[in-house]
2 protein chains.
Amino acid sequence: MGSGEDRKLSASLEDYLEAIFNLADASGCARSKDIARTLGVARSSVTGALRLLRERGLAYYEPYGGVTLTQQGRATAREVARKHEILQAFFMNVLGVEKEAAQRAACQAEHALESEIIGKLVSFTDDAMARSAGGRDEKSESTGRRKRSAKE
Amino acid sequence: MGSGEDRKLSASLEDYLEAIFNLADASGCARSKDIARTLGVARSSVTGALRLLRERGLAYYEPYGGVTLTQQGRATAREVARKHEILQAFFMNVLGVEKEAAQRAACQAEHALESEIIGKLVSFTDDAMARSAGGRDEKSESTGRRKRSAKE
DNA sequence: TGACAAAGTTAGGCGTGACTAACTATACTA
DNA sequence: TAGTATAGTTAGTCACGCCTAACTTTGTCA
């Protein structure tokens, strides 16, 4: 049991991972300050979280250096981000929830639901969208899952 | 700000409230031991939670006495239980998730979703059920929301 | 009515996740 | 290059939510 703890991540650490993933995706490198701003926590809380992610083998991180994710960290973050997108798409496109509220709800629910249910939600959302579109345009834009650039 | 704190309840306290509500519903009175068994926690954890619920004006509770909910406690518990039922119905009846998994997922998600989304989920689940039944039998059994005896 | 079992509480501890305050490192600019 | 602003870390604290161990209260029964 040296480096990579593989216990289930807490909701909080999943949030950090997702934030780092999105920031790195947008600007190449995640800064501690930006992570703090994104998640609405103090900078010192970020430092603590980064240490935990490093201990678990999910992030590369040196004090005063930048933060990047390990291969495993990216994989986990991508899974969290995927859940988020699927849930948000369901709330918006199927239930008709307004974007901000859908965003908030997805943030909460992404930690609560297992992959089995997420999988069923994807099929369901895609079907519902296809049904409501009545086949008139190209299919399955529902989950908006084609945008992430596939680095790694 | 004397007795009734009205800050948002933690997921944990919502669970306690729901358990007390269901136990009292089933057997008239919630025992500490049964709450512990229901939630899979130690008896001492229940004692702590009961004190918090009392401080917030949600439960009547005397050491070594029984536990009952206040009017506000019952209202809150009913809302949590309602969310649970709606979510479980959606997972089972719309997504086709197996009962145990739906139960588990509802337990997690009930704390994450606000009333607006739950409301939309009700309409959606009812519609979906009516659609899939093709109007052949009486409508809106989907959410199974007619069983709770309406005391108070 | 005294002994015993079951139920419940108290005390103390641990992990997590946040905070503030104060410090250190880094980067910018005059 | 010295001063200063910004970024990041460390130290200390707090609340929450759980645990175990030991204690107290209550109820039952011979």
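Chain identifiers are assigned alphabetically (A, B, ...) following the order of the sequence lines, protein sequences preceding nucleic acid strands; residue numbering begins at 1 within each chain.
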So does [X] get a side-chain nitrogen or oxygen closer than 4.0 Å to the phosphate oxygens (OP1/OP2) of [N]?
X: A:Arg31; N: D:dA7; answer: no
X: A:Arg51; N: D:dT10; answer: yes
X: B:Ser12; N: D:dC18; answer: yes
X: A:Tyr16; N: C:dT16; answer: no
X: B:Tyr64; N: C:dA6; answer: no

Heavy atoms, side chains only, cut-off 4.5 Å: are A:His111 and A:Ser10 in contact?
no

Hey, does B:Phe91 have a side-chain heavy atom less than 4.5 Å from the side chain of B:Thr125?
no

Report the distance from atom [atom1] of [X] to atom [atom2] of [N], rounded to the nearest whole Å.
X: A:Leu23; N: D:dA7; atom1: CG; atom2: P; answer: 14 Å
X: B:Glu62; N: C:dA7; atom1: CD; atom2: C1'; answer: 17 Å
X: A:Leu53; N: C:dG17; atom1: CG; atom2: P; answer: 10 Å
X: A:Arg54; N: D:dG8; atom1: CZ; atom2: P; answer: 15 Å
X: B:Glu55; N: D:dG17; atom1: CD; atom2: P; answer: 12 Å
X: B:Glu14; N: D:dG17; atom1: CD; atom2: P; answer: 11 Å
X: A:Asp15; N: C:dG17; atom1: CG; atom2: C1'; answer: 12 Å
X: B:Leu52; N: D:dC14; atom1: CG; atom2: P; answer: 18 Å

Any idea how B:Phe124 and A:Phe90 line up, ring-wise: parallel (<30°), tilted (30 to 60°), or perpendicular (>60°)?
perpendicular

Restricting to non-hydrogen atoms, name the atom on A:Ala109 and the atom on A:Leu87 that form the minimum distance, rounded to 0.1 Å.
C-CD1, 3.8 Å

Among D:dG17, C:dT9, C:dG17, which nucleotide sits nearest the side chain of A:Ser10?
C:dG17

Closest to side chain of A:Lys33, choosing from D:dG8, C:dG8, C:dG17
D:dG8

With a 4.0 Å cut-off, would you call B:Glu85 and B:Arg82 a salt bridge?
no

Worked check of side-chain contact (heavy atoms from CB on, under 4.5 Å) between B:Asn22 and B:Thr38
CA-CA 10 Å; B:Asn22 289 331; B:Thr38 302; over 6 Å; no

Are A:Leu9 and A:Leu58 close enough, and set up right, to give a side-chain contact (heavy atoms from CB on, under 4.5 Å), and what steps lead you there?
CA-CA 11 Å; A:Leu9 279 180; A:Leu58 298 171; 3.8 Å; yes

Any residue in residues 35-46 of chain B with a heavy atom nearer than 4.0 angstrom to DNA chain C? Just list them by number, or reply none.
B:Arg43, B:Ser44

